[in-house]
Each structure stands twice: as C-alpha cells, then as structure tokens.
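Because the structure is predicted, anything quoted here is derived from the model rather than measured.
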Amino acid sequence: QVPLEESGGGLVQARGSLRLSCAAPGRAFSNYNMGWLRQAPGKEREFVAGLHWTGLRTSYADSVKGRFTISRDNAKNTVYLQMNSLKPEDTAVYFCAQDSAFRGSRSGIHPSDYTYWGQGTQVTVSS
C-alpha cells in the first residue's frame with residue numbers, strides 16, 4: 001500500500017475557498033497520474049479532477065470546471081486541489097488517488113483507474 005495523506009478539509013461557507021493537499025512520503029508523483037475524487041453520503045464515489053503524469057494535462061468534472069484547480073509541486077511531492085466558489089453540493093469526503101501505472105495512459109476519470117487511495121478528508125460547505 002502506498003500511503004497517501006490528505007489534508008486541508010474543513011467547514012466553509014458557500015462561495016468560500018479551501019485548498020486540499022495530498023502527500024506521499026517516499027514516493028514520487030511525477031511519473032504517475034493523480035486524481036481527486038469525492039463521495040457524498042448515499043452516493044457513489046465520483047471523479048473531480050485529474051492530473052496527467054506529465055503535469056501538462058488536467059481534466060475536471062463538469063460540476064467543478066472553472067472553480068477547482070488541480071496542481072502538483074514536484075519538489076514537495078504534493079498534489080493540490082484548489083477549490084473556489086464552493087457550493088453546498090460540493091460537500092463530500094474528498095480522496096486523493098494515484099494510478100499504479102508508470103507513465104500510464106488511463107483517462108483518470110473513473111475510480112477504477114486508480115490503485116492507491118488516501119483516507120479522505122471531509123469538506124463541508126454550509127449555505
């Protein structure tokens with residue numbers, strides 16, 4: 001198991017911002033596709049944002065386009081999810097995930113594209 005450690009969740013008012021972080025001590029992200037997914041109560045886990053291993057291509061769920069940004073700091077071996085203009089419907093547990101394939105070609109939009117997961121961090125947006 002690759003331990004992925006998320007942080008940065010919390011309670012925020014609608015239209016506020018949060019930045020989630022994901023670190024994996026001892027394992028470089030730079031050659032692996034990374035993603036953020038979320039799961040709300042009673043719902044299936046869903047894709048939020050993906051980052052190609054090159055760092056040159058990102059993808060987003062339609063529901064978060066223009067509001068969320070995924071990025072990576074190779075020096076810190078950390079992946080971020082900047083979330084702006086948050087809405088109550090963004091309330092969920094957010095998971096960081098990593099594809100196990102070295103320089104993989106999976107799309108990253110399906111939960112099954114990822115092998116390693118963090119424990120999740122709760123994001124609650126109040127109206």
Legend entry - Closest non-hydrogen atom pair between Ser59 and Phe47, with its separation: OG-CZ, 3.3 Å
Inset, instruction - Determine whether Trp36 and Met83 make a side-chain contact, defined as any pair of heavy atoms from C-beta on separated by less than 4.5 Å. - result: no
Legend entry - Shortest non-hydrogen contact between Asn33 and Gly104, atoms and distance: ND2-O, 3.3 Å
Legend entry - Spatial distance of atom OG (Ser127) from atom CD (Gln13) [nearest 0.5 Å]: 9.5 Å
Legend entry - Side chains of Gln122 and Thr124, donor plus acceptor under 3.5 Å: yes
Inset, instruction - Could you check if a side-chain atom of Phe95 sits within less than 4.5 angstrom of a side-chain atom of Leu4, using non-hydrogen atoms only? - result: no
Inset, instruction - Test Tyr60 against Arg67 for side-chain contact (heavy atoms from CB on, under 4.5 Å), laying out the working first. - result: CA-CA 10 Å; Tyr60 298 94; Arg67 300 189 297 122; over 6 Å; no
Inset, instruction - List the steps, then state whether side-chain contact (heavy atoms from CB on, under 4.5 Å) holds for Thr58 with Phe68. - result: CA-CA 11 Å; Thr58 58; Phe68 290 12; over 6 Å; no
Inset, instruction - Identify the two heavy atoms, one from Gly120 and one from Val93, that lie closest to each other, and give their separation to 0.1 Å. - result: CA-CG1, 3.8 Å
Inset, instruction - Output the distance between atom CZ (Phe102) and atom OG (Ser100), rounded to the nearest 0.5 Å. - result: 12.5 Å
Inset, instruction - Supply the atom-to-atom distance Tyr80 OH to Thr69 OG1, rounded to the nearest 0.5 angstrom. - result: 14.0 Å
Legend entry - Minimum heavy-atom distance between Ala101 and Arg106, given as atom pair plus value: CB-NH2, 3.7 Å
Inset, instruction - Please report the closest heavy-atom contact between Ala24 and Asn77, naming both atoms and the distance. - result: O-ND2, 2.9 Å
Legend entry - Distance in Å, Asn84 CG paired with Arg15 CZ, rounded so as to fall on 0.5 Å steps: 13.5 Å
Inset, instruction - Before accepting this row, confirm whether a basic side-chain N of the pair Lys65/Asp62 lies closer than 4.0 Å to the acidic partner's carboxylate O. - result: yes
Legend entry - Minimum-distance pair of heavy atoms, taken over all atoms of Asp90 and Ser85: OD2-O, 4.5 Å
Inset, instruction - Return yes when atom CD of Glu89 has more than 12 non-hydrogen atoms of other residues, nucleotides or ligands closer than 6.0 Å, and no otherwise. - result: yes
Inset, instruction - Run through Val123, Val64, Thr91 and flag the one making a side chain to side chain contact (heavy atoms under 4.5 Å, CB included) with Arg38. - result: Val64
Inset, instruction - Can you measure from CD (Glu6) to CG (Leu81) and round to the nearest 0.5 angstrom? - result: 11.0 Å
Inset, instruction - State, without any angle test, whether His110 and Ser112 hold a side-chain donor-acceptor pair at a distance under 3.5 Å. - result: no
Legend entry - Ile70-Tyr32 co-clustered via ILVMFWY side chain contacts under 4.5 Å: no
Legend entry - Phe29 side chain reached by Cys22 side chain, heavy atoms, under 4.5 Å: yes
Inset, instruction - Might you work through the side-chain contact (heavy atoms from CB on, under 4.5 Å) test for Asp99 and Trp53, ending with a clear yes or no? - result: CA-CA 9 Å; Asp99 187 344; Trp53 65 266; over 6 Å; no
Legend entry - Glu5 CD to Cys96 SG distance, which is reported to the nearest 0.5 Å: 10.0 Å
Inset, instruction - Check step by step if side-chain contact (heavy atoms from CB on, under 4.5 Å) holds for Gln39 and Leu37. - result: CA-CA 7 Å; Gln39 188 165 17; Leu37 298 93; over 6 Å; no
